[in-house]
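Throughout, protein chains are lettered first and strands after them, A, B, ... in sequence-line order, and every chain is numbered starting at 1. Just so it is clear, the structure is predicted and the values come from calculations on it, not from any experiment.
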Amino acid sequence: MSIFSRKKTKDTTPKAKPKTSTKVETPKPKSSVAAPSPTGAQTLFNKYAIDVPEEHIRIIDAENLLNLLTDLSIEPEDLVSLIIAWQFGCKRPYQFSEEEFITGCKKFGITDISSFQKKLPHFRSLLKGDEEFNKFYLWSFSYFADSESVHRLPTETVLGMIQLILVPRYPQLGKFAEFVETELVGSKPNFQRDAWNQLVRFATTIKKDFSNYSEEDAWHTILDDYVEWRKEKK
Amino acid sequence: MSRPPAYVQQAEETWTHLEKGLEEIKILIEGGSSRPWELKQYLDYTNKVYGLVKQHETQKILANHIQAYIVNLCTGVIMPILKDLRDQQFLSELSVRWYRFKLFCKIISLLYSHLDNGYFNPKTSKPGEEDNTIQQLQPFAYTQFRTRVFKDLHKTSQNLILSFIDKDRDGEAVDVTMLKNAVDLFIMMDPKDKTYYRDLEREYLSRTSTFYRNMATKALQTDTSPEYMIKCENAFAAENQRIKNYMSSSSQIPVRDTLIVELLQKHVKELLDMEHSGFVQLVEGNKLEDLARMYSLMRNLDNGIGIIPMSKDFQVYMMSVGNEMMKNQEIIQKNEGAPKEAKKPAKDEAKPEAEEGMVKDEPEPEDGAKKKKKKKKKKSAKAEGDDDAAEPAEPAPKETGEDGAEGGEGDAADAPKKKKKKIIKKTVKKVVNETQQNVEFVDSLLKLYSRFNKMYLECFQSNKFFNDAIKNAFTDFLNQTSVGKSCPELLAIFVDDFVKKKQAQQVDDFVKTTFDEVVALLNYLHEKDKFMENYKTLLAKRLLTQYDQSTFQEETERYFLTLLKNQHGHAFTADMDGMFSDHSSANTLQEAFDTYVVDERLNLNIDLQVQIITDSHWPRFMYRELQLKPVLQNALAAFEKFYKSRHNNRSLRWLHSNATLVMSLKFAKKTCEVTMTSEQGNLLSEFNEGTFSFVDIATRLGLDQAETKRLVISLMNPKNPILCVIGDSSEETTDLKETDKVAFNIAHDPIKKKFRIQAPSVLSAFEKKGIATAVDELRKFQIQCAICRIVKAAKGIEFTQLQTNVLEQLNLFHPTTKEIKLGVEDLIERDYIERDAKQNDRIILKS
């Protein structure tokens with residue numbers, strides 16, 4: 001299950017949430033100026049954008065994002081959708097602001113659906129390197145948390161993120177996802193950013209039998225609990 | 001041949017005189033003459049010597065004569081005497097001769113000191129005159145003795161000396177003076193290098209070592225270790241004495257070392273581990289004297305082979321004893337829930353004729369406490385009262401009757417008739433037992449500690465290894481996490497019980513010792529904060545529910561608090577100090593209130609005593625609303641009004657759970673004044689209206705069931721059953737069941753007219769929870785503060801180091817890694833600190 005499918009139902013809220021940032025407001029007059037001869041990107045944006053009258057801006061909200069993904073033949077569970085958000089510098093989950101979208105399209109030379117589709121392999125290739133992946137994965141927490149200064153996300157959301165982002169690359173975290181699902185969801189409503197930030201290092205440095213894991217090291221207690229859980233299960 | 005010059009002749013003449021003098025001295029020394037020289041004689045003699053020394057020519061003559069005299073003394077006198085002697089006679093003679101010779105030399109070197117100065121003195125010697133470079137007289141004499149007497153005899157004498165020493169060791173009587181002089185000869189013959197003495201000593205040591213080697217091997221076959229150690233001790237003393245008697249004191253250390261090696265070092269393991277009487281057995285049997293002996297012997301060895309193994313064994317032994325105790329305690333705690341055999345209630349049946357009983361409560365007032373809020377200051381008030389406003393309770397709801405109801409009507413009287421009462425002995429006992437058992441357990445811990453501490457102080461002379469052993473052992477087993485109550489909790493219960501005792505009325509030695517031991521044990525506990533919270537809660541109970549404040553032993557309580565303060569600092573006891581000052585300010589307020597009541601012409605019908613407590617110092621209390629009788633309500637309202645008039649901006653909350661009530665209860669035979677907690681009183685007055693199970697009561701009063709059960713049981717003490725179970729007596733009751741109907745025990749005939757019902761001193765579930773929460777919160781707070789301080793001071797710090805530092809800073813408890821980690825995580829989330837992006841195990845201050 002992806003967070004998208006999870007979220008999209010609940011999340012008609014983000015768009016209702018007033019957006020406070022001022023930089024988004026400025027583009028609006030700009031875009032109206034540019035309106036007479038809309039670029040391809042603008043056309044594309046217009047196709048999916050909706051008005052947020054309270055803020056006098058237009059955005060692509062979660063629902064329309066889903067439409068866009070469908071048109072691009074991307075499954076909602078496909079990680080590439082997140083990579084796009086990352087590359088476009090999206091700040092808020094499940095939506096594009098006008099500026100984010102237009103600037104992103106321009107950056108990647110996207111003018112319509114088909115040119116967008118052609119770019120997809122490029123996006124997918126971005127995560128090949130560990131370093132890039134690391135940046136992406138750390139970014140994703142802020143993205144879903146809607147802020148860099150928020151340090152916790154609902155455990156369910158994080159579970160989705162683990163399954164979408166981490167498990168495909170680090171299958172050893174599959175058990176961890178199981179742990180989160182069975183042990184944490186329900187009893188611990190929140191998952192800390194601090195723990196999230198340690199997951200890749202955990203996946204890459206700790207041996208399968210946990211023989212090089214020590215609770216005395218600086219691991220997050222969630223990982224301590226996980227290792228114990230695994231050992232008990234044996 | 002030319003005639004010798006006149007001066008020569010004169011000198012020779014003088015010498016004959018002088019020689020005579022020397023003979024006289026000799027005789028004197030040998031004891032032949034009893035006439036000592038007088039001053040005149042002495043002066044005369046030295047004058048003659050001086051006369052000769054004055055003239056250069058005669059000097060030499062005199063010198064030659066005296067030298068020849070000495071040589072003759074050695075070869076002509078001493079040697080011939082010794083030549084034919086053997087063994088003891090020889091050695092004896094030798095030592096005597098030497099002694100006299102020494103004495104003789106001493107005297108002549110005085111008499112001839114002019115010669116020493118004028119002739120022998122090397123400073124005045126002229127080149128080429130060999131004789132002038134000769135030593136002074138005494139050394140010369142010694143040299144003569146050495147070369148002419150000693151040289152040939154020293155082997156013989158050495159062997160003789162040694163064989164006499166052997167005899168001495170074997171217990172034969174020997175001539176100590178003889179030996180002393182003989183050995184002295186060995187020393188004096190070469191005072192500088194002492195080669196002769198060294199030879200002797202070497203041989204002496206080797207014999208010593210052989211002797212004791214044999215002795216040890218033999219003794220260890222049969223002796224127990226205490227026996228053996230006594231032998232060792234004697235051996236040390238004997239050898240010491242031997243050295244003092246005739247050897248040079250410089251030999252003391254080598255001999256001692258020899259003994260240490262032969263007697264102890266080679267057998268140390270054997271000795272410590274000896275079956276039935278090894279070190280551990282001695283500790284076990286509390287053989288203080290033997291242990292002290294063992295310690296002082298072992299102290300001679302390197303710590304690594306003697307003292308440290310002992311302290312290790314000591315530690316292991318204490319741990320095993322301690323662990324055993326902890327295990328038993330755990331088993332007991334586990335079993336506590338198990339039903340115990342029921343005993344038959346002493347009196348089974350109530351007399352059927354009992355008239356009716358009436359519980360009358362005099363409501364005494366109560367006490368409750370309120371909380372008042374004033375600029376952050378909250379106080380709780382608790383009131384206590386005694387009086388008679390009566391509210392009838394029980395069977396016949398008579399209106400306030402003063403006691404009128406008593407003999408009266410038999411309304412409900414028939415109820416008790418048919419029913420038999422059953423007393424819940426067992427259950428009640430259980431509670432009593434539990435506390436008692438807890439107290440006994442701690443008592444046994446204290447005894448254990450004091451026993452080992454005594455060993456440490458008296459036998460092991462406060463050696464630090466043993467102190468560490470005690471510390472390690474006690475820390476180890478006291479901090480075990482057991483299923484039941486933990487040690488901090490038990491210790492607090494013990495103190496609670498102890499300060500209530502009569503023996504603790506005065507701070508005497510007994511009290512001081514006990515407290516010292518408690519504080520010592522507390523020091524070994526990791527969770528001192530847990531003790532503190534428990535202690536605080538129990539102290540609050542003592543301060544508040546002690547109905548009769550005269551039993552509050554303030555001096556003792558304060559003494560203990562001072563000990564805690566000295567040991568753990570002000571912060572540790574700040575709350576308790578606050579509680580005490582609330583307690584002591586109660587009187588003033590009470591007086592003011594009493595005056596107020598009179599001035600306002602209030603008729604409260606009861607005596608109301610209120611204790612105001614400052615909320616922040618006290619443990620969390622359970623604020624339960626009680627449905628109060630009107631008379632109480634009025635009284636409380638009056639107080640509130642009074643208090644408001646003094647402190648307008650404080651808020652009061654009545655703390656009923658800690659209040660006391662004095663009620664008069666009408667039993668069939670007599671009416672009694674009974675003191676109880678307001679909760680008990682309140683519950684009791686329900687029985688004015690019939691019989692109930694505790695579940696019913698819980699519902700009626702809106703109380704927790706377990707709590708209610710506890711209260712009901714507290715009124716069923718077999719010694720003083722105010723309430724009883726109605727049911728068939730043949731069925732033995734072990735516990736109060738939910739279905740058991742309980743009624744006022746009207747047939748009961750208390751011995752005293754005035755008495756009090758002991759409130760259960762066990763902590764209620766609520767109080768326990770309060771303690772746990774308080775401990776947790778305080779810990780979290782302290783851990784996080786420590787982390788912040790450390791990270792801030794260090795700028796950035798690795799997690800392991802951080803952990804170490806946190807442990808160092810916190811001495812009231814030992815946070816686990818997990819607790820520290822959670823603290824870190826919480827602080828990260830709250831943006832105080834963060835992990836270094838480059839180095840994950842490093843914590844830095846959030847920029």
Participant: State whether the number of non-hydrogen atoms from other residues, nucleotides or ligands found under 6.0 Å of B:Q801 atom CD is greater than 12.
Facilitator: yes
Participant: Look up atom CG in B:L822 and atom CD in A:Q192, then write down how far apart they are to the nearest 0.5 Å.
Facilitator: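 Going from the CG atom of B:L822 to the CD atom of A:Q192 covers 8.5 Å.
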Participant: Count the heavy atoms of every other residue, nucleotide or ligand shown that sit under 6.0 Å from CZ of B:F781, and state whether that count exceeds 12.
Facilitator: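 Open: at most 12 neighbouring heavy atoms sit under 6.0 Å from CZ of B:F781.
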Participant: For a quick test of reading the model, state the closest non-hydrogen atom pair linking B:D831 to A:S149 and the distance between them.
Facilitator: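 Answer, listing the atom of B:D831 first, then A:S149: OD2-O, 4.3 Å.
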Participant: Examine the side chains of A:E216 and B:T800 and answer whether a donor and an acceptor come within less than 3.5 Å of each other.
Facilitator: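 Not at all, the side chains of A:E216 and B:T800 share no donor-acceptor pair under 3.5 Å.
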Participant: Does A:Q198 reach the side chain of B:R835, with side-chain heavy atoms less than 4.5 Å apart?
Facilitator: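 In contact.
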Participant: What I'd like to find out is whether the side chain of A:D194 reaches to under 4.5 Å of the side chain of B:E834, using heavy atoms alone.
Facilitator: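 A side-chain contact under 4.5 Å is absent here.
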Participant: Do NZ/NE/NH1/NH2 and the carboxylate oxygens of B:K818 and A:D224 come within less than 4.0 Å?
Facilitator: no
Participant: I'd like to know if the side chain of B:K821 and the backbone of A:E215 have a donor-acceptor N/O pair within less than 3.5 Å.
Facilitator: yes
Participant: Tell me, yes or no, whether the heavy-atom count around B:Y832 atom OH, taken from other residues, nucleotides or ligands under 6.0 Å, exceeds 12.
Facilitator: no
Participant: Looking at A:T221, is its backbone amide N or carbonyl O close enough to the side chain of B:E825 to form a donor-acceptor pair, meaning the two atoms are under 3.5 Å apart?
Facilitator: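 Present.
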Participant: Heavy-atom distances under 4.5 Å only: say whether A:R193 touches chain B with side chain, backbone, both or neither.
Facilitator: neither
Participant: For atom NZ of B:K792, decide whether the heavy atoms of other residues, nucleotides or ligands shown that lie under 6.0 angstrom number more than 12.
Facilitator: no
Participant: Answer with side chain, backbone, both or neither: which region of B:Q803 has an atom nearer than 4.5 Å to a non-hydrogen atom of chain A?
Facilitator: side chain
